[in-house]
K.L.:
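Below you'll find the structure I mean.
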Amino acid sequence: MSFSDNIPSLTIQRVREGLLNKHFSALELAKASITYAQAENPKTNAYLTFSPERAFAAAARVDDSIAKGEYVGSLAGVPLAVKDVIVTKDLRTTCGSRILENYKPPYDATAVYRLEQEGAVIIGKTNCDEFAMGSSNENSAFGPVRNPRALDRVPGGSSGGSAAVVAQGTAVVSLGSDTGGSIRQPASFCGVVGVTPTYGRVSRYGLVAFASSLDHIGPFARSVEDAATVLEAIAGRDDADSTSAFAPVDDYHALMHEPVRGMKLGLPKEYFEGLSSETGQVIEAAIRHLEKLGCEIKEVSLPHTKYALSCYYIIAPAEASSNLARYDGVRYTIRADGETLADMYRNTRGCGFGPEVKRRIMLGTYALSAGYYDAYYKKAQQVRTLIAQDFNEAFKQVDALITPVSPFPAFKIGEKIDDPLAMYLSDVYTLTGDLAGVPCMSVPCGQSSEGLPIGLQIFAKHFDEATMFRVAYNYERSTKQ
Ligand code: GLN
């Protein structure tokens, strides 16, 4: 059997073994991966751009190092895809928006740079909701992404493309971004692992800003170990992002192999009200499994959870309305004509932005306007502090929290697109993690009767990704056949 038949089931470790044992070269793998991804893409529309030249150059560097017997990085030769809100030098970065349709950034995001330093091979950029605003990937100006597990369903959003490519097997790992759930929710919908690190754990230099106090970069992978390898490569202080933290990066691999016996896991009762019964049953079974592994399960309360959705949908649009002011037709790509300067701005933004982005800009501008700032934005920030305090209190009692990721599995394409409020409900369990800035992840834990994946969410204390990975890894290892 040729190695290219195994592309959909590759892991970082298998790529490494294959390269070091000379079963294939990094260049052969890069070529086969891009050919495969291009052939599969019409099914899902998950990639917006392929980057063969960049991939082949990166792969050739890896082959060269191997031939010379030099150190090869932790991601040597690994085919990787990057969400299209993360900038890549000279490689089109659209943010899923018409307004940046042909934008070629002049620099690489720090996360991208670090991955390539470790030998990763970037094969393409993935589709997403416009400027990462959405929960279904239907807000992309370049068409929706289809869930590889059920092609009539959404892959989740906004990092739908990054989740889909890993689920489909056209990339081994990918990068996404999470502001209110955009890594965990699509990971859950597509049946892959998705990690939102602590706020400040990974540099956002080169992540196109949506809501700066909430934005995170994080990995998707088919295993907890692979997600940890990617996070280790991108985590850590970066002088180009003043919000990136100095906190040392743990050796996740060493720590995640510790057993979970004796760990205390909290179930926040607010997250189990109003769950669809099927999702509830699958999550319940996962909890029982962790109990069998020796975890002590304890009910806890995060009493301000009920305000999270309203709080998020004030803060995120407010910050977005400010961040998106830069797309004015003067800089970046598209420009529409107008009689006056103001007309040019208006026409550019009118045809460049889609309806959800316009809705957020209007909501955010309103929430920040004189007279409303205190009533909305300031109030939401105060509520956010209460939500963060809930987590601090809970972590005095338990090591990690376990919840569902989403109240329901992947829904049908078109099902919620005309009802923004129903769409916003997809994020009800994930927004809190971003508001509190704690690390959180989705790990596959079962499926619905229709075969749709369901994810288990794990939250840990600030900068304690190692504990989160430990729970996830022990769960995954003991449930995989
Ligand atoms: N679905 C949420 C929103 O639409 C979260 C998006 C995100 O995390 N980028 O804002």
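Because the structure is predicted, anything quoted here is derived from the model rather than measured. Counting starts at 1 for both ligands and their atoms, following the listed order.
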K.L.:
Could you tell me if Q457 and T403 have a donor-acceptor pair between their side chains, going purely by distance under 3.5 Å?
P.N.:
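Yes, because at least one side-chain N or O of T403 sits under 3.5 Å from a partner of the opposite role on Q457.
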
K.L.:
Tell me whether the rings of Y327 and Y332 are parallel (<30°), tilted (30 to 60°) or perpendicular (>60°).
P.N.:
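It falls in the tilted class, 30° to 60°.
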
K.L.:
Decide whether K416 and S136 meet the rule of one side-chain donor and one side-chain acceptor closer than 3.5 Å.
P.N.:
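K416 vs S136: no donor-acceptor pair found between side chains.
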
K.L.:
Mind checking whether G180 has an N or O less than 3.5 Å away from an N or O of ligand 1?
P.N.:
yes

K.L.:
Strictly by modelled atom types, are R92 and T49 linked by a side-chain donor-acceptor pair under 3.5 Å?
P.N.:
yes

K.L.:
Looking at ligand 1, would S158 count as a contact under a 4.0 Å heavy-atom criterion?
P.N.:
yes

K.L.:
Geometry only, no angles: is S177 polar-contacting ligand 1 at N/O separations under 3.5 Å?
P.N.:
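Min N/O separation from ligand 1 is not below 3.5 Å for S177.
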
K.L.:
Any side-chain donor paired with an acceptor under 3.5 Å for S140 and D129?
P.N.:
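No, because no side-chain N or O of S140 sits under 3.5 Å from a partner of the opposite role on D129.
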
K.L.:
Using distance alone, decide if ligand 1 has a nitrogen or oxygen within less than 3.5 Å of any nitrogen or oxygen in A132.
P.N.:
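Indeed, backbone or side chain, A132 has an N or O that close.
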
K.L.:
Test of understanding: given a 4.0 Å heavy-atom threshold, classify the contact between Y313 and ligand 1 as side chain, backbone, both, or neither.
P.N.:
side chain

K.L.:
Would F210 count as a polar contact of ligand 1, with the cut-off being nitrogen or oxygen pairs under 3.5 Å?
P.N.:
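It does not: no N or O of F210 is found under 3.5 Å from an N or O of ligand 1.
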
K.L.:
Closest non-hydrogen protein atom to atom 6 (C) of ligand 1, residue and atom name please, with distance?
P.N.:
S182 OG, 2.8 Å

K.L.:
For D84 and N127, indicate whether the former's side chain and the latter's backbone hold a donor-acceptor pair under 3.5 Å.
P.N.:
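A pair under 3.5 Å: no.
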
K.L.:
Using heavy-atom distances, let me know which of D427, T430, D178, T179 sits nearest atom 1 (N) of ligand 1.
P.N.:
D427

K.L.:
When you check the side-chain N and O atoms of S162 and K83, is any donor under 3.5 Å from an acceptor?
P.N.:
no

K.L.:
Could you check D434 against T196 for side-chain hydrogen bond (donor to acceptor under 3.5 Å, both in side chains), going step by step and ending with a plain yes or no?
P.N.:
CA-CA 8 Å; D434 301 271; T196 310; 5.3 Å; no

K.L.:
Going by the atom numbers of ligand 1, which of them fall below 4.0 Å from some non-hydrogen atom of G134?
P.N.:
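The list of qualifying atoms is 1 (N), 2 (C), 3 (C), 4 (O), 6 (C).
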
K.L.:
Can you report which non-hydrogen protein atom sits closest to atom 4 (O) of ligand 1, along with the distance?
P.N.:
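The closest one turns out to be R360 NH2, 2.7 Å.
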
K.L.:
Please identify which atoms of ligand 1 are closer than 4.0 Å to at least one heavy atom of Y312.
P.N.:
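Those of ligand 1 that fall under 4.0 Å from Y312 are 2 (C), 3 (C), 5 (C), 6 (C), 10 (O).
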
